[in-house]
Amino acid sequence: MVPKIRRGSRTHGLLVYLYGPGKRDEHTDPHLVGSWDGFAPDPGRDTSPDPDPKVTLSRLAAALDLRVKQAGTKAPTEHVWHCSVRTDPGDRTLTDAEWNTVARRLVQAVNLAPDGDPDGCRWVAVRHADDHIHILATMVRGDLRRPRMNYDFKKAQAECRRIEQEMDLRQLMPGDGTGAKTPTSAERFKAERTGRPETPRETLREAVRQAVAGAAGEAEFFTRLREAGLRVKLRHAPSGDVLGYTVALPGDRNRDREPVWFAGSTLAPDLSYPKIQRRLADGTADAVTMPEADTGRSDWSPPARGRRTATGIAERAAIRLDSDDDDAAAQLVGVGELLDAVAQTSPAATCAELGAAARSFERATRSHVRAERADTRAIRSAARGIIQAGGALGRGEDGGTTAMLVSTLVLVALAAARWHSARGHAQQAEASRQTAEHLRAAYRQAAAAPMQALRDQGRALPEAQRRTYETTIRAALPENSTRADTNTKNDALAATLAQAEQVGHDPKALLQEAIAMRELDTAEDVNDVLVWRLRRLAQLPAHPGEAARRPQAETGRAESAANRTGVRTGPPAMTRPAAPDPYNRPPRR
């Protein structure tokens, strides 16, 4: 049940609309379902001997405005309080008596007409459709004072949540005042008239959010806005310092043919200039050169290396969120930037779902929890690295590392949902869960080719070798065991363990390290998650087809490992001395 509140100054004009034919949706059988005393004249169902709807409507307007006229100049200029209340499309149809109850509870909740107060404001509730009513009240009490109506929207929202529960309606998530402002009806209608898929407010919000993702400073942020094709206007102090900014879409003009400008704070609370300025100062996204142990081989493409870097950093963000630390709130903002960066540079096959994931997670980045020690440099640098590397191809190593990163981001989104749920942030938790669903869809698209190639390689392993890896997997993951007649579930995992052993890793130790990194309970497919963790830890190509193009240095590392262990798993030994193996690392603690 959604209440929408407006203020106005024309009682008669609003009544004419409510009892009229309607501008967009047809008004069917408009009539009163409730009023301040239960005896207000009803232009829709006047039972007098010679009813004239226009006359009855004028009488109703005069009755509602009586106290406004008596108050004279003491009455507020905008004396009309207008609240539309709509049920969810899946809800049952309420009766007139139930709508009367809803209206009475709302005018009481916002202090317009407290129960038992003879001086309460006058109001009526008009129904002209099955799924909603309009409440019209005049904001002058019987004692000619104004009602105390602070936070009327929040109070109406809270009362609607209670009504939903009591009337067995769909229960919406309670808000906390940190959500972005929704487009007005006028903005939505204008978007439809002009053929836009969304309102300018929504388009600008996403563009500003993407511009700040990984930006190194204010100058780069404003440059990105202009490069995105937006009109940008800065407000300066006499000293020349920037005080704020506004943005507009080219071609979006008002009735005077002037651009329609939006300040950052009107797009979303965290897009105001002071908050963007603080974010850029707290976590300056410097260009960071990561060692190959974290990013992969130097011969891989920049997008692939950037995604490998981001995967490790995203894992650490998930661990922070699982720690139940309030300072993890800063990680949420960084994860939002990382999602925006991936969505901007993603292959066409995954672009739509990743964009939807970024838009959903935008709600999860804002709450009243403030991090005392906000250090987001690593995660913002990862976002910056992805953007600077440019768009990734949807195939080969680029496509494989996209799947690797998205698989990790699913777990990050679920960790964010748990973090918000523990603090009672219902809307943010739901947004995080929706993000995870979009990411899962994107993952299935990105991982289809590399995972199929890995399964094929797993099925091609010699039977004895395959049984050895199956035993290792069952020992580490007894709940993941498969029946003998359907032993294809672990194909990709077995192929990955074989490749890791070929370059010198102990399969058992590496698998235990991957399992211990963090929980796997929320993984939709445990095997897939472990495949990507193993391939990142062992520095294996994200797309197995890349293994055929491995340089000789990789073969040398495999040979040196074989010389150390006495077990030859790779190609014949090379004649040159074996170099120290940078991959022979102890398990992480």
| message | Salt bridge check, R92 against E98: does any charged N sit closer than 4.0 Å to a carboxylate O? | response | yes
Do N111 and Y151 have side-chain atoms, one donor and one acceptor, less than 3.5 Å apart?
no
TODO: Given side-chain hydrogen bond (donor to acceptor under 3.5 Å, both in side chains), test R6 with T184 step by step and report yes or no.
DONE: CA-CA 11 Å; R6 309 172 188 83; T184 65; over 6 Å; no
Point to revise | Carboxylate-amine/guanidinium proximity below 4.0 Å for K181 and E187 | key: no
| message | Can you tell whether the side chains of R145 and D119 come within less than 4.0 Å, N to carboxylate O? | response | no
* **D326 with R423: basic N within carboxylate O range, under 4.0 Å** => yes
* Less than 4.0 Å between a side-chain N and a carboxylate O, is that true for R205 and E202? -> no
Does one side chain, of S35 or R122, offer a donor that lies under 3.5 Å from an acceptor on the other? no
R170, CZ atom: more than 12 neighbouring heavy atoms under 6.0 Å:
no
Classify the angle between the aromatic ring planes of W532 and Y443 as parallel (below 30°), tilted (30 to 60°) or perpendicular (above 60°).
perpendicular
Ionic contact status for R45 with D29, cut-off 4.0 Å: yes
- Query: Does a side-chain N-to-carboxylate-O contact under 4.0 Å join E353 and R444?
  - Reply: no
